[in-house]
Amino acid sequence: MLKIHIITPFPDFLVPILQQSMLKKSVERNKVEYNIINLFDFLNDKDSRIDDYPYGGGEGMIMKIKPIFKAFDSISLNNPRVIFPTPDGQLFNQKMAFDLSEEKEIVFICGHYKGIDQRVRDSLVTDEVSIGDYVLTNGEIPSLVIIDSIIRLIPGVLNDYKSAEKDSFFDDLLDGPHYTRPKEYKDLKVPDILLSGNHDKIKEWFLKKRLDKTTTRRKDLLKKYKLKNSGEKK
Ligand code: ADE
């Protein structure tokens, strides 16, 4: 069972999405538990804001250290990974998703405004993670992206775990094309090879499609794939 705590000033960003599809099924299947912690519950009367002006001046507001620490200290934790999604973090990838899917407890701290007090990052956070080279307005959406990619890798969450093994990135190749019924719609046909029943040829065809797509779209991945596969043969 993976326990996921999410410290957020905007729980409503998360709740409706965590109640859908595989994110919900992961809970029903007893593989995941979500604990959403509302940062506003950790303000005292004098301190009515979660953000304040930056020391030293500059643009934008900074999330305060105290409510975040109080929220964090309210959870009883057992050596968790603590993730802070941020555009200046390490670029997220499938390997990191696998690594995190083996954890027992993860805390997400969702940032807003210009950022959070650096002392939170220095003393609580174990992993600063970016989901791509662009900037979002909040930490909830990247947290959801990371959570979604993690939970689907926990055995027993997906109906067919084997499908996760064929994902893009699992073996450094992008995924290939998929078809289902009907065989023909308007003048759009399913490739004959898939209807041939020749499983070896189908496998070969699918690998070629994956290689072709990876070659045109992601030469960096293709290089990794070739390196790994030449290594295996030695
Ligand atoms: N917060 C804002 N932008 C982000 C990004 N690209 N990745 C992770 N967290 C973010």
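In listed order, ligands and their atoms are each counted from 1. Below, each value reflects all heavy atoms present in this structure, side chains not excepted, and no hydrogens, waters or symmetry copies.
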Task: Validation row: Leu2, Ile150 side chains within 4.5 angstrom (heavy atoms) - done: yes

Open item on the list: One thing to verify: whether Asp172 and Lys226 come together as a salt bridge, which I'm taking to mean a side-chain N less than 4.0 angstrom from a carboxylate O.
Closed with: no

Task: atom 9 (N) of ligand 1: the protein heavy-atom neighbour that sits closest, reported with distance to 0.1 Å - done: Thr86 N, 3.0 Å

Open item on the list: Out of all atoms in ligand 1, which are within 4.0 Å of some heavy atom of Ser130? Include the element for each.
Closed with: 6 (N), 7 (N), 8 (C)

Open item on the list: Just to be sure I read this right, does ligand 1 sit under 4.0 Å from the backbone of Pro85, its side chain, both, or neither, counting only heavy atoms?
Closed with: both

Task: Hphob cluster co-occupancy, Ile83 + Val135, side-chain heavy atoms under 4.5 angstrom - done: no

Task: Taking atom 6 (N) of ligand 1 as the reference point, the nearest protein heavy atom with its distance - done: Tyr134 O, 2.7 Å

Task: Nearest non-hydrogen protein atom, atom 7 (N) of ligand 1 - done: Ile131 N, 2.9 Å

Task: Protein heavy atom at shortest distance from atom 4 (C) of ligand 1 - done: Pro87 CD, 3.6 Å

Task: Sub-4.0 Å heavy-atom approach of Ile141 to ligand 1 - done: no

Task: salt bridge (charged side-chain N to carboxylate O under 4.0 Å, His left out) partners of residues 86-97, not counting sequence neighbours, each pair once - done: Asp88-Arg121

Open item on the list: Polar contacts were defined as any N/O atom of the residue lying under 3.5 Å from an N/O atom of the ligand; does this apply to Pro142 and ligand 1?
Closed with: no

Open item on the list: Out of all atoms in ligand 1, which are within 4.0 Å of some heavy atom of Val135? Include the element for each.
Closed with: 3 (N)

- [ ] For the pair His112 and Phe13, name the ring-plane relationship: parallel under 30°, tilted 30 to 60°, perpendicular over 60°.
- [x] tilted

Task: For atom 3 (N) of ligand 1, closest protein heavy-atom neighbour - done: Leu136 N, 2.9 Å

- [ ] State plainly whether one hydrophobic cluster holds both Met1 and Val27, where clusters connect Ile, Leu, Val, Met, Phe, Trp and Tyr through side-chain heavy atoms under 4.5 angstrom apart.
- [x] no

Open item on the list: Quiz question: by atom type and distance under 3.5 Å, do the side chains of Asn35 and His5 form a donor-acceptor pair?
Closed with: yes

Open item on the list: Against ligand 1, does Asn138 come closer than 4.0 Å with any heavy atom?
Closed with: yes

Task: Contact with ligand 1 for Gly139, non-hydrogen, under 4.0 angstrom - done: no

Open item on the list: Heavy atoms only, cut-off 4.0 Å: how does Asp133 contact ligand 1, side chain, backbone, both, or neither?
Closed with: neither

TODO: Under 4.0 Å from a heavy atom of Val129: give me the atoms of ligand 1 that qualify, with their elements.
DONE: 8 (C)

Open item on the list: Using the side-chain hydrogen bond (donor to acceptor under 3.5 Å, both in side chains) criterion, which residues pair with Glu33? Sequence neighbours excluded.
Closed with: none

Task: Short side-chain donor-acceptor distance under 3.5 Å, Thr8 and Glu140 - done: yes

